Each structure stands twice: as structure tokens, then as C-alpha cells.
Amino acid sequence: MKIVREKITDLDLEHTFDCGQCFRWNREADGSYTGVAFGRVINIVLKEDKLTIDHTTDEEFDQIWIPYFDLTRDYGKIMGELAAADETMKEAIVYGRGLRILQQDKWETLISFIISQNNNILRIKKCIETLCENFGAYAGEYHGKKYYAMPSFDVLANLTLEDLASCKLGYRANYILETAKLVAADGGRTLESTGAMTTEDALAYLLSLSGVGPKVANCILLFSMGKDESFPIDVWIKRVMNRFYQIEEKDMKKMQDFAVETFGVYGGIAQQYLFYYIRSNPC
DNA sequence: AGCCAGGCCCAAC
DNA sequence: GTTGGGCATGGC
């Protein structure tokens with residue numbers, strides 16, 4: 001069934017899906033997007049302020065898609081506050097207006113960003129897609145195409161490197177097996193409870209997993225655990241920090257401090273506008 | 001062909 | 001505690 005909601009503001013699906021925070025949404029010929037999240041397949045389109053989601057229900061919209069798209073939060077206010085911080089941020093917001101930080105599934109985000117390391121976005125998407133098709137639960141069919149969810153930690157914990165070879169994950173395959181075993185050891189309870197932890201504790205837990213360092217951990221904190229102040233620093237953010245804020249590319253500590261001082265509790269959201277801006281306008 | 005990609009691990013200082 | 005080499009794979 002199809003649901004419609006009007007008066008949706010400060011949302012741009014292209015910016016939200018293409019800013020590098022998620023990997024499983026694809027644009028259709030008609031401009032709508034189809035993707036899988038939380039085990040559901042939906043097709044979504046926004047025309048003016050009218051949001052239409054196909055293949056869902058009123059109940060699922062309330063329980064899954066409102067939190068997923070972060071629709072209860074006032075991004076107009078957030079953008080206003082960040083834009084007042086400085087001129088670069090202001091330009092980045094003009095460019096990426098409507099970008100919202102999705103609240104994604106923790107396990108899927110964890111695996112996705114382990115795969116993301118030293119990798120490019122196109123290939124990250126292919127790796128994730130293959131992993132889901134080969135080992136994920138069937139999530140449904142939309143317009144003749146079948147979709148599969150991210151395989152659970154129980155499934156991945158029982159695979160071998162040979163099983164994963166077909167996914168072409170490279171050296172990351174072992175990280176995924178090790179992390180799946182660690183998460184499955186307590187039935188995923190620690191991972192699920194991270195949202196209620198302090199950011200510091202959640203970060204420490206993530207860093208204890210295999211293939212998760214500071215950058216990947218901060219992405220997971222921001223994109224799935226509601227830790228808005230988390231400021232992931234990758235090669236692109238280093239370039240932003242160097243080009244626009246005159247911080248040396250190796251000085252991560254100074255970048256972190258700068259983010260806290262300048263962007264405060266919305267550091268991660270600011271980071272995402274900057275990432276999207278610099279990637280779309282490289283040098 | 002060689003460099004790069006939303007970095008991390010581990011050994012050597 | 002910090003630094004640097006190595007790392008699978010494929011797009012450009």
C-alpha cells in the first residue's frame with residue numbers, strides 16, 4: 001500500500017541518499033528512490049512538500065520511517081545555527097539543503113562502514129549488495145526485483161572466509177567475521193544498548209570490535225546511534241579542514257577540537273554537510 | 001600503468 | 001604514544 005504525507009519540510013532525498021551516509025538507495029527512472037532498510041523495501045518520492053512512500057503502511061511509517069528519516073527534528077533550526085558558525089558552513093548548507101541524518105540500523109551501519117574503509121563509494125555499494133543477496137533474508141519484491149536485507153550477525157558469525165570470497169570484500173572479510181562473532185557472543189545486546197550509553201562508552205565498545213577504528217566508529221555513532229556530535233574525519237574532511245580552516249592534514253586532534261568549538265552538539269551534522277559539499281566540488 | 005578510495009592493524013620505535 | 005608499511009579489490 002501507498003501512504004502520503006504533506007507539509008514535509010527541509011527534506012531533500014537526493015542530498016540525503018547521496019551524501020555518503022547510506023549505500024542501499026537507488027534512484028529510479030522516474031526520480032523516486034527504492035531501497036531496503038530495517039528489513040523492508042520501499043519506494044519513496046518527494047514532490048514539493050508531498051512525500052509518497054509505496055510498499056508500506058501507516059503503522060510502519062510511524063514506527064520505522066519517521067525515525068529513519070529523522071522527520072521529527074527541526075532541521076531549519078539546526079541549519080540556521082550551523083550557518084551562523086562561519087561562511088564555509090553557510091555555503092555547504094546552501095549546497096546540501098534538505099540533507100537529513102538518517103537513523104539507520106546499528107548492525108547494518110557497523111558492517112557497512114567496516115566495508116567502507118580504504119574503499120570507494122561505488123564499490124562499497126556493490127560489496128554490500130552482494131553480501132545481502134548472498135546471505136541476507138529476503139525482504140520483498142518491488143517492480144519485479146527481489147531485495148534482501150543485511151545478513152544478521154548470527155548468520156555472518158557462522159560463515160568462513162571461503163563463504164565470503166564471492167563478495168569480494170578483500171581484507172575486510174576477516175574483520176566482518178570477527179566482528180560478527182564478537183557481536184553475536186551476547187546476542188547483540190551490547191550493540192543494541194549503545195544508543196543509551198554515553199558517546200564515550202559507545203565509542204569504546206565500537207573500537208573493541210574488529211576493523212573499527214576512530215573514523216568508522218564515529219560514522220556508526222552518527223548514522224545509527226543518534227550521537228550527533230560525533231565528527232568522523234576521513235581524507236575528504238581533512239581536505240576541508242586544510243583548505244577552509246587552515247588546519248594541517250595530519251593534525252586530527254586539532255580538527256576534533258575545532259569541530260567541538262565551532263559546531264558543538266551538531267558537529268556530526270555539520271561534518272556531513274561539509275563532506276557532501278567538498279566531494280561534490282573537489283578543488 | 002599506477003594511483004586512489006568515507007582506514008585499520010600491528011610491529012617497531 | 002606515535003609512526004609507517006601492508007593490505008584486497010576495482011574504477012579511473
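If you're wondering where the values come from, they're calculated on a predicted model, not measured in any experiment.
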With ring pair (Phe, Tyr, Trp, His ring centres under 6.0 Å) as the test, pick out the partner of A:His15 among A:Tyr277, A:Tyr276, A:Phe275.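 The passing option is A:Tyr276.
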Could you work out the separation of [N] and [M] based on their [atom1] atoms and round it to a whole Å?
{"N": "B:dC4", "M": "C:dC7", "atom1": "C1'", "result": "14 Å"}
{"N": "C:dT2", "M": "B:dG6", "atom1": "P", "result": "27 Å"}
{"N": "C:dA8", "M": "B:dA11", "atom1": "P", "result": "15 Å"}

What pairs meet the salt bridge (Lys or Arg N to Asp or Glu O under 4.0 Å) rule with one or both residues in residues 143-157 of chain A, with sequence neighbours excluded? A:Glu141-A:Lys146
Sequence neighbours excluded, every pair satisfying salt bridge (Lys or Arg N to Asp or Glu O under 4.0 Å) that has a member inside residues 102-115 of chain A: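 Sorted pair list: A:Lys106-A:Glu192.
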Contact check, residues 91-120 of chain A vs DNA chain C, heavy-atom distance under 4.0 Å, returns A:Asn118, A:Asn120
Could you identify which residues of residues 159-185 of chain A place a heavy atom less than 4.0 Å from some atom of DNA chain B, listed by residue number, or say none?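 Of all residues in residues 159-185 of chain A, the ones placing a heavy atom under 4.0 Å from DNA chain B are A:Tyr171, A:Tyr175.
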Would you jot down, in residue-number order, the residues of residues 221-241 of chain A having a non-hydrogen atom under 4.0 Å from DNA chain B? A:Phe223, A:Pro232, A:Asp234, A:Val235, A:Trp236, A:Ile237, A:Arg239
Please determine, by modelled atom types, if [X] and [Y] share a side-chain donor-acceptor pair under 3.5 angstrom.
{"X": "A:Thr199", "Y": "A:Glu229", "value": "yes"}
{"X": "A:Asn43", "Y": "A:Thr34", "value": "yes"}
{"X": "A:Tyr95", "Y": "A:Ser280", "value": "yes"}
{"X": "A:Tyr142", "Y": "A:Asp54", "value": "yes"}
{"X": "A:Asn134", "Y": "A:Thr130", "value": "no"}

Could you check how far [atom1] of [X] sits from [atom2] of [N], rounded to whole Å?
{"X": "A:Met252", "N": "C:dT2", "atom1": "CE", "atom2": "P", "answer": "12 Å"}
{"X": "A:Arg123", "N": "B:dA5", "atom1": "CZ", "atom2": "P", "answer": "14 Å"}
{"X": "A:Glu129", "N": "C:dT9", "atom1": "CD", "atom2": "P", "answer": "20 Å"}
{"X": "A:Ile128", "N": "B:dG6", "atom1": "CD1", "atom2": "C1'", "answer": "11 Å"}
{"X": "A:Asp251", "N": "C:dT3", "atom1": "CG", "atom2": "P", "answer": "10 Å"}

Closest nucleotide of DNA chain B for A:Gln21 versus for A:Val212: which of these residues is on the 5' side?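 That would be A:Gln21.
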Taking for each residue the nucleotide of DNA chain B with the nearest heavy atom, is it A:Ser210 or A:Arg279 whose nucleotide lies nearer the 5' end?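 It is A:Arg279 whose nearest nucleotide is closer to the 5' end.
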If you look at every strand shown and take non-hydrogen atoms under 4.0 Å, does A:Gly211 touch a base, only sugar-phosphate, or nothing?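 Sugar-phosphate only.
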What contact category does A:Ile220 fall into here, base, sugar-phosphate, or nothing, at under 4.0 angstrom with non-hydrogen atoms?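 Here A:Ile220 touches no strand at all.
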Could you tell me whether a side-chain N or O of A:Asn119 sits under 3.5 Å from a main-chain N or O of A:Ile115, the two making a donor and an acceptor? yes
Aromatic ring proximity, centroids under 6.0 angstrom, A:Phe223 and A:Phe113: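 Yes; A:Phe223 has its ring centre under 6.0 Å from that of A:Phe113.
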Take a 6.0 Å sphere around CD of A:Glu248 and say whether it holds more than 12 heavy atoms from other residues, nucleotides or ligands. no
Quick one: name the residues clustered hydrophobically with A:Leu13, using the 4.5 Å side-chain heavy-atom rule over I, L, V, M, F, W, Y, and just say none if it's on its own. A:Met1, A:Ile3, A:Ile8, A:Leu11, A:Phe17, A:Trp25, A:Tyr33, A:Phe38, A:Ile42, A:Ile44, A:Leu46, A:Leu51, A:Ile53, A:Phe61, A:Ile64, A:Trp65, A:Ile66, A:Tyr68, A:Phe69, A:Leu71, A:Leu102
Please tell me if A:Lys250 has a side-chain N or O lying less than 4.0 Å from either OP1 or OP2 of C:dT2.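 Result: no.
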